[in-house]
Amino acid sequence: MSEKKLWGGRFKESTNELVEEFTESVSYDRRLAPFDIAGSIAHVKMLEKQGILKPEEAQKIIKGLNQVLKEIEEGRFQWRRELEDVHMNVEKRLTEIVGSVGGKLHTGRSRNDQVATDVRLYVRKEIEEIVELLKALRKAFWKQAKENLDVVMPGYTHLQIAQPVLYSHHMLAYYWMFKRDEERFKDTLKRVNVSPLGSAALAGTSYPLDREFTAKLLGFDGVTRNSMDAVSDRDFIAETIFNCAMVMMHLSRLSEELVLWSTEEFGFIELPDSFCTGSSIMPQKKNPDVSELTRGKTGRVYGDLIAILTVLKGLPLTYNRDLQEDKEPLFDAIDTVKLALKVNALIVEGMKPRKERMREQARKSFSLATDVADYLAKKGVPFREAHRIVGELVAYCLDRGKGLEDLSLEEFKQFSDKFEEDVLDLMSVEGSINSRNVIGGTAREQVEREIERIREEEGF
Ligand code: ARG
């Protein structure tokens with residue numbers, strides 16, 4: 001049993017200890033303290049401007065809040081579980097420092113609009129950081145693309161060799177995934193950056209607050225327009241976690257490729273030693289743990305998304321204590337995605353394509369078959385028929401253990417009299433790649449153009 005709560009006026013018994021343990025959030029929401037204090041300072045300045053607090057009172061409270069912040073930053077702050085959450089820990093300490101005037105801070109405010117404000121400020125800052133990290137990752141892909149324009153590789157569908165492509169083209173495919181991820185976060189920010197302060201518990205407040213003033217002080221773009229929605233809306237959290245889940249999904253696809261590519265069977269890339277680990281029993285091993293863990297951690301972020309959606313689905317208006325469960329999934333998703341973005345940017349920067357091996361595989365599995373069919377089609381053979389003829393050519397080669405590139409002109413002619421000398425020139429990986437000269441295609445000219453466009457747009 002512990003001392004009286006800040007809200008303890010109407011209670012005769014003190015809180016059961018197990019209930020304290022069950023209901024507390026300070027063990028994890030303390031990271032909101034800087035935002036909580038910034039929100040309180042803005043609120044006090046507004047109360048002063050509106051004549052609700054005297055200038056000396058406001059000064060005292062602000063000075064006290066800054067001292068609390070300093071104590072927290074210096075690790076001297078005594079966090080107390082019996083005070084439930086970050087808000088009441090800060091307020092209690094403020095009152096210890098400045099005396100009873102500290103009790104005026106909460107005028108015209110509730111923890112309901114306070115916590116909504118704090119989390120919005122926190123998410124805004126994290127989104128800004130994630131946007132920067134996404135850009136650094138995109139730059140790593142762009143650099144790989146720019147510096148390895150001569151590297152050819154097989155492109156896959158169904159994980160079967162399909163057509164040759166430039167390694168640079170493959171790298172820029174990832175560039176685009178992380179570009180869209182950035183756009184999603186920036187779009188979410190529009191809905192995050194709105195001030196709920198002044199909504200109070202749920203219905204607004206009878207004090208003459210200037211909501212727009214606090215919003216401006218805190219760098220919000222505007223104020224929420226419905227107090228009931230404002231204290232219970234956590235859409236912006238669900239959206240943010242969804243955006244994190246999408247980034248993790250993209251990183252997980254990359255990881256899967258890097259795991260495959262670094263096997264002996266593929267042998268497409270060399271990962272930096274400093275990002276791999278060895279085995280305690282097999283001395284020859286170099287394992288791609290970072291990629292594996294990125295793939296694995298995607299699961300937790302998906303879990304965070306399902307957690308928040310499930311917390312929200314049964315809630316009647318307005319604030320319900322269930323909403324306290326919004327924070328751990330949010331923090332976990334953001335922490336995980338930030339770390340994953342950092343470490344994967346370094347991997348992408350440090351990996352080295354194994355050019356010879358990729359080239360060797362690029363011509364395998366009849367990867368030029370489409371080119372031969374297109375050749376016939378361009379000479380007037382209907383594409384479906386051309387497709388059949390090349391299918392027969394492939395079967396002929398398979399029977400003899402040959403590739404298309406091993407065939408003589410005479411052999412080609414056995415299948416169609418449309419084949420001429422120039423079909424032999426077609427049998428090169430570069431020729432195939434450069435023939436795909438449409439916008440967004442893998443021809444070197446197109447890829448070089450994209451690299452330049454990206455440089456201009458991103459300022460790389
Ligand atoms: N710790 C609470 C939360 O995170 C703060 C709001 C509490 N409000 C209340 N009416 N009990 O949701």
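Only heavy atoms go into these numbers, but all of them, side chains included; no hydrogens, no water, no symmetry mates. All ligand and atom numbering here is 1-based and tracks the order in the structure. Because the structure is predicted, anything quoted here is derived from the model rather than measured.
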> Is the closest basic N to carboxylate O distance between E48 and K54 below 4.0 Å?
Replying inline: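 Here E48 does not pair with K54 in a salt bridge, since their nearest N and O are not under 4.0 Å apart.
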
>> Tell me whether R357 is salt-bridged to E360, with the criterion being a basic N under 4.0 Å from an acidic carboxylate O.
In response: yes

> Residues two or more places apart in sequence or in another chain: which of them pass side chain to side chain contact (heavy atoms under 4.5 Å, CB included) with Q163?
Replying inline: T370, R436

> Under the 3.5 angstrom rule, does the side chain of K286 hit a backbone N or O of L271 as a donor-acceptor pair?
Replying inline: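 Yes: the side chain of K286 pairs with the backbone of L271.
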
>> Does anything in residues 25-47 form a salt bridge (charged side-chain N to carboxylate O under 4.0 Å, His left out)? List the pairs, not counting sequence neighbours.
In response: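 Listed once each, the pairs are R31-D335.
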
> Which pairs with one or both residues in residues 216-239 pass ring pair (Phe, Tyr, Trp, His ring centres under 6.0 Å), sequence neighbours excluded?
Replying inline: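 Checked against ring pair (Phe, Tyr, Trp, His ring centres under 6.0 Å) - neighbours excluded - no pair reaches residues 216-239.
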
Ligand 1 N/O to protein N/O, distances under 3.5 Å:
residue	atom	partner	partner atom	Å
ligand 1	1 (N)	S25	OG	3.3
ligand 1	1 (N)	D85	OD2	3.1
ligand 1	1 (N)	Q324	OE1	2.9
ligand 1	4 (O)	K327	NZ	2.5
ligand 1	8 (N)	N112	OD1	3.0
ligand 1	10 (N)	N112	OD1	3.1
ligand 1	12 (O)	Y319	OH	2.4

